[in-house]
Amino acid sequence: MGHGGDVIAELTTDHREVEELFGKIEALPSGDEQRKKYADQAVIELVRHSIAEEAYLYPAVRQFLPNGDGIADKELEDHAEAERTMKDLEAVDAGDPEFDRLIGELMTEIRSHVRDEEDNLFAQLRSAASEDELRKLGDKVRQAKKTAPTRPHPSAPDTPPANKLLAPGAGTVDRIRDALTGRGKD
């Protein structure tokens, strides 16, 4: 979290970190408890990443790209779908057969979303926004991830200004819960 660089470099690094966690999950046998720990870590990173994108990246997409509203709306739909999967995943243990189905579904959703962002959205944004604007967005994204929730909240608002107002409070509650349960540690 908080890698530096412009918004595209920041988010691309997040993508690589989540993919690394997915690889660790895939390398372990079904039912291995370590899979749940890696899944929790992936969810924490994905939720923080998504909150930051929703607060800053997608408003910039709407501002800078001629078809930005349609692109941002599609990205938000992808986030909502993944968030519902993450919420379902939160409720199952690694030994539950449902865990394998849900983690597979989540990996498919996220990998598709990442491919789309990296192959299409980021190139369009780099062409449309100045380096200074992209750098400032990177700073805002890093700040947002520091206070963002760490657990999925599918019914929470995903567009400004409500998401920017509510996310830090939900983030505080999530971090307290994580500290009490040890979730995300290791």
Side-chain angles (χ1 to χ4, degrees), residues 1-25 38-80 82-83 86 106-153 156-161 163-168 170-172 174-175 178 184-186:
M1 183 172 76
H3 315 291
D6 71 21
V7 67
I8 294 169
E10 179 75 20
L11 297 175
T12 300
T13 301
D14 287 353
H15 292 165
R16 297 299 161 271
E17 289 176 353
V18 168
E19 183 56 40
E20 185 179 322
L21 290 166
F22 285 168
K24 289 178 180 183
I25 293 166
Y38 289 134
D40 285 345
Q41 290 173 347
V43 167
I44 289 167
E45 294 309 314
L46 286 167
V47 170
R48 287 178 179 161
H49 177 91
S50 295
I51 293 295
E53 284 186 336
E54 291 166 5
Y56 296 103
L57 177 67
Y58 300 144
V61 166
R62 291 180 194 282
Q63 177 185 350
F64 293 115
L65 301 183
N67 55 344
D69 286 339
I71 293 169
D73 290 344
K74 188 224 178 275
E75 299 295 325
L76 288 170
E77 286 174 26
D78 288 352
H79 279 203
E83 195 161 10
M86 287 186 278
L106 180 64
M107 286 190 263
T108 298
E109 291 166 353
I110 297 303
R111 286 172 172 156
S112 173
H113 180 75
V114 164
R115 251 189 326 276
D116 185 45
E117 279 189 347
E118 292 184 4
D119 293 349
N120 302 306
L121 176 61
F122 290 170
Q124 290 179 53
L125 189 60
R126 188 164 302 285
S127 295
S130 73
E131 275 305 312
D132 186 53
E133 289 163 329
L134 294 174
R135 199 172 33 261
K136 287 177 183 173
L137 281 171
D139 292 341
K140 290 177 181 179
V141 161
R142 279 184 288 283
Q143 279 304 114
K145 288 192 296 184
K146 289 179 184 177
T147 60
T150 61
R151 295 171 182 263
H153 297 276
D158 58 9
T159 56
N163 64 345
K164 290 181 184 181
L165 294 171
L166 297 176
T172 299
D174 287 353
R175 282 187 295 287
D178 292 346
K185 304 297 177 223
D186 284 346

* Asked: What's the verdict on side-chain contact (heavy atoms from CB on, under 4.5 Å) for E75 and D78, showing C-alpha distance, side-chain angles and the deciding distance?
  -> CA-CA 5 Å; E75 299 295 325; D78 288 352; 4.2 Å; yes

For residues [X] and [Y], report the shortest heavy-atom separation together with the two atoms involved.
X	Y	answer
L137	A60	CD1-CB, 3.5 Å
A129	L134	CB-CD2, 3.9 Å
F64	A128	O-CB, 3.6 Å
A144	Y56	CB-CE1, 3.8 Å
V43	P152	CG1-CD, 3.9 Å
D174	R151	OD2-N, 3.0 Å

State, yes or no, whether a side-chain contact exists between [X] and [Y] at a heavy-atom distance under 4.5 Å.
X	Y	value
Q41	K24	no
H49	V18	no
N120	I71	no
R126	I8	yes
V114	E19	no
E131	D6	yes
F122	T12	yes
V47	T150	no

* To do: Decide yes or no on salt bridge (Lys or Arg N to Asp or Glu O under 4.0 Å) for E45 and R48, but give the supporting numbers first.
  => CA-CA 5 Å; E45 294 309 314; R48 287 178 179 161; 3.2 Å; yes

Separation between [atom1] of [X] and [atom2] of [Y], rounded to the nearest 0.5 Å:
X	Y	atom1	atom2	answer
M107	I25	CE	CD1	5.5 Å
M86	D40	CE	CG	12.0 Å
D119	Q124	CG	CD	11.0 Å

* To do: Determine, stepwise, if the pair L65 / L121 fulfils side-chain contact (heavy atoms from CB on, under 4.5 Å).
  => CA-CA 9 Å; L65 301 183; L121 176 61; 3.9 Å; yes

* Asked: For atom CD of E118, is the number of surrounding heavy atoms from other residues, nucleotides or ligands below 6.0 Å larger than 12?
  -> yes

* Asked: With no hydrogens and no angle check, do the side chains of Q143 and K140 hold a donor and an acceptor under 3.5 Å apart?
  ->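 Their side chains do not contain a donor-acceptor pair, so the 3.5 Å distance test is not met.
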
* Would you find a donor on one side and an acceptor on the other, under 3.5 Å apart, between the side chain of S112 and the backbone of T108? -> no

* Can you tell me if E83 uses its side chain to pair, donor with acceptor, with the backbone of H153 under 3.5 Å? ->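 Indeed, once roles are kept as given, a pair shorter than 3.5 Å links the two residues.
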
* Can you list the steps and then say if R175 with D178 is a salt bridge (Lys or Arg N to Asp or Glu O under 4.0 Å)? -> CA-CA 5 Å; R175 282 187 295 287; D178 292 346; over 6 Å; no

* ring-ring contact (aromatic ring centres under 6.0 Å, His included) partners of H79, counting only residues at least two apart ->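 Scan of H79 (ring-ring contact (aromatic ring centres under 6.0 Å, His included), adjacent residues dropped) gives Y58, H113.
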
* **For S127, side-chain hydrogen bond (donor to acceptor under 3.5 Å, both in side chains) partners two or more places apart** =>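 Once residues adjacent in sequence are excluded, S127 has no partner under the side-chain hydrogen bond (donor to acceptor under 3.5 Å, both in side chains) criterion.
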
* Test side-chain hydrogen bond (donor to acceptor under 3.5 Å, both in side chains) applied to R62 - qualifying residues, sequence neighbours left out -> D69, D73

* Asked: Do NZ/NE/NH1/NH2 and the carboxylate oxygens of K136 and D139 come within less than 4.0 Å?
  -> no

